[in-house]
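Remember, it's 1-based here, ligands and their atoms both numbered in the order they're listed. As the structure is a computational prediction, the values presented were derived from the model and not from experiment. Positions are given from 1, in the same order as the sequence printed here.
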Amino acid sequence: MLNSLQKEIINLKNEKNGIILGHNYQPKEIQEISDFIGDSLELCIKASEVEDSDLIIFCGVDFMAETAAILNSDKKVLIPDYGAECPMAHMLNAMDVLKAKTMHPNAEVALYVNTLAEAKAEADILVTSSNAVKVVESLDSDQILFGPDNNLASYVDKRTDKEIIVIPDGGYCYVHKMFNVGDVIFKKEMYPNAEVLIHPEADMEVQNMADAILSTGGMISHIKNSKNKEFIIGTEVDLITRINREFPDKIAIPLLDDGICRTMKLNSLDKVKKTIFNEEFQVNVDSEIAKRSLRAIERMIDVSTTK
Ligand code: 13P
Ligand code: SF4
């Protein structure tokens with residue numbers, strides 16, 4: 001049952017012909033008012049298909065909203081709080097990419113979607129945690145410049161014969177870095193029948209203990225199709241909110257109770273209402289940078305949607 005504020009937001013959004021896109025890490029009250037919830041790739045694809053809406057309200061973090069804005073230069077894309085930044089996306093700037101390109105002129109550049117537009121503009125293609133291996137394998141070069149996440153880079157490196165060169169050495173997600181081997185052992189002892197699902201942003205020794213290494217959207221599909229009942233979830237805690245909403249007969253246990261992405265939680269209902277009402281906190285991207293980064297985004301969507 002939606003509360004009165006949630007109903008008000010939905011009415012307001014409908015009056016303005018808007019659409020609310022929410023990432024899997026959004027808190028329950030935001031998930032409940034979202035028209036679409038997904039992982040980074042699913043949200044990119046959805047954002048490329050919203051011709052009928054005039055307003056996009058993006059409940060996630062900065063790089064996701066920026067990507068939606070690049071895909072929709074004719075629409076207003078709003079983010080309820082400008083402070084909702086992904087720290088990892090700020091670890092790689094355009095200059096780092098340009099320097100790496102000078103050092104490796106024959107390499108193709110595959111950047112994690114968790115980057116700012118200025119870096120995306122220097123990429124040949126983007127990857128997300130759900131398609132990284134497929135995207136890298138689709139490239140012609142045997143040398144791939146990859147950034148910013150070291151752990152996703154190692155995950156890809158294990159699954160391709162191409163040479164993965166990480167730029168810069170040190171990009172990481174502080175949330176997934178919290179997980180350690182002891183956490184997995186502890187939860188496995190408590191729930192011996194549970195399958196362990198780990199996000200590829202986690203450290204390699206934690207990934208090595210997983211039954212499956214998946215993006216957040218991949219975890220949702222896996223749980224949907226699995227006969228298993230219990231799952232230890234090695235990613236941000238609010239993915240469990242989505243699992244509980246959609247699969248009430250399954251049991252999802254957080255690998256760590258305080259695996260919380262703080263900036264994802266800045267998008268409160270009050271802020272969403274204010275953003276839509278005032279049409280404020282628009283996401284603006286320099287038109288030249290948007291044009292150049294659009295190529296890399298569209299190329300990734302093409303590779304991901306082709307069988
Ligand atoms: P997903 O694409 O798996 O949702 O990951 C996004 C993210 O920010 C992980 O921390
Ligand atoms: Fe960024 Fe990590 Fe938060 Fe994902 S969980 S948005 S990578 S800080």
Item to complete: Please work out which of the three classes, parallel, tilted or perpendicular, describes the rings of F281 and Y82, given edges at 30° and 60°.
Response: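 Rings of Y82 and F281: perpendicular, as their planes differ by over 60°.
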Worksheet item: So H176 and H199, would you call those rings parallel, tilted or perpendicular, with 30° and 60° as cut-offs?
Response: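 Geometry flag for H199 against H176: tilted rings.
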What protein heavy atom lies closest to [atom]? Include the residue and the distance to one decimal.
atom	value
atom 4 (Fe) of ligand 2	Y25 CE1, 3.9 Å
atom 8 (O) of ligand 1	N114 ND2, 3.4 Å
atom 7 (C) of ligand 1	E201 OE2, 3.7 Å
atom 2 (Fe) of ligand 2	C173 SG, 2.3 Å
atom 6 (C) of ligand 1	S40 OG, 3.3 Å
atom 1 (Fe) of ligand 2	C86 SG, 2.4 Å

If you count the non-hydrogen atoms of other residues, nucleotides and ligands that lie under 6.0 Å from [atom1] in [X], is the total more than 12?
X	atom1	result
N225	CG	yes
K274	NZ	no
R245	CZ	yes
F186	CZ	no
K273	NZ	no
F277	CZ	no
K28	NZ	no

Worksheet item: Any donor and acceptor pair, going by atom type alone, linking the side chain of D211 with main-chain N or O of V196 inside 3.5 Å?
Response: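 Side chain of D211 to backbone of V196, a donor-acceptor pair under 3.5 Å: yes, one is there.
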Which of the numbered atoms in ligand 2 are below 4.0 angstrom from a heavy atom of [X]?
X	value
P87	8 (S)
V61	6 (S)
Y174	8 (S)

Item to complete: Using only heavy-atom distances, determine whether the side chains of Q6 and E29 contain a donor-acceptor pair under 3.5 Å.
Response: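 Looking only at side-chain atoms, E29 and Q6 do not form any donor-acceptor pair under 3.5 Å.
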Worksheet item: Do E201 and Y112 have side-chain N/O donor and acceptor atoms under 3.5 Å apart?
Response: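 Yes, because at least one side-chain N or O of E201 sits under 3.5 Å from a partner of the opposite role on Y112.
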Worksheet item: Which of the numbered atoms in ligand 1 are below 4.0 angstrom from a heavy atom of Y25?
Response: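 The atoms of ligand 1 under 4.0 Å from a heavy atom of Y25 are 7 (C), 9 (C), 10 (O).
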Fill in: Atoms of ligand 1 close to S215 [distance to a heavy atom under 4.0 angstrom, numbered from 1]
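In order of numbering, the contacting atoms are 3 (O).
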Any heavy atom of [X] closer to ligand 1 than 4.0 angstrom?
X	answer
H199	yes
E236	no
E42	no
N24	no

Worksheet item: Pick from V156, V127, T128, L41: which one makes a side chain to side chain contact (heavy atoms under 4.5 Å, CB included) with V135?
Response: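 Only one option passes, and that is V127.
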Item to complete: From atom 3 (O) of ligand 1, work out which of A89, G38, G217, S129 has a heavy atom at the shortest distance.
Response: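 The residue whose heavy atom sits nearest atom 3 (O) of ligand 1 is S129.
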Worksheet entry | Side chain, backbone, both or neither: the part of E201 lying under 4.0 Å from ligand 2 by heavy atom |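 The part of E201 near ligand 2 is the side chain, not the backbone.
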Worksheet item: Counting heavy atoms only, which part of N114 comes closer than 4.0 Å to ligand 2: side chain, backbone, both or neither?
Response: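 The part of N114 near ligand 2 is the side chain, not the backbone.
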Fill in: Presence of N, O or S from C261 under 2.8 Å of atom 3 (Fe) of ligand 2
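Checking C261: at least one N, O or S atom is under 2.8 Å.
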Worksheet item: Would you say T216 and ligand 1 have an N/O pair spaced under 3.5 Å apart?
Response: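 Yes - when backbone and side-chain N and O of T216 are compared with those of ligand 1, one distance drops under 3.5 Å.
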Discussion item. Just to be sure I read this right, does ligand 1 sit under 4.0 Å from the backbone of D39, its side chain, both, or neither, counting only heavy atoms?
Written reply: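 Both the backbone and the side chain of D39 come within reach of ligand 1.
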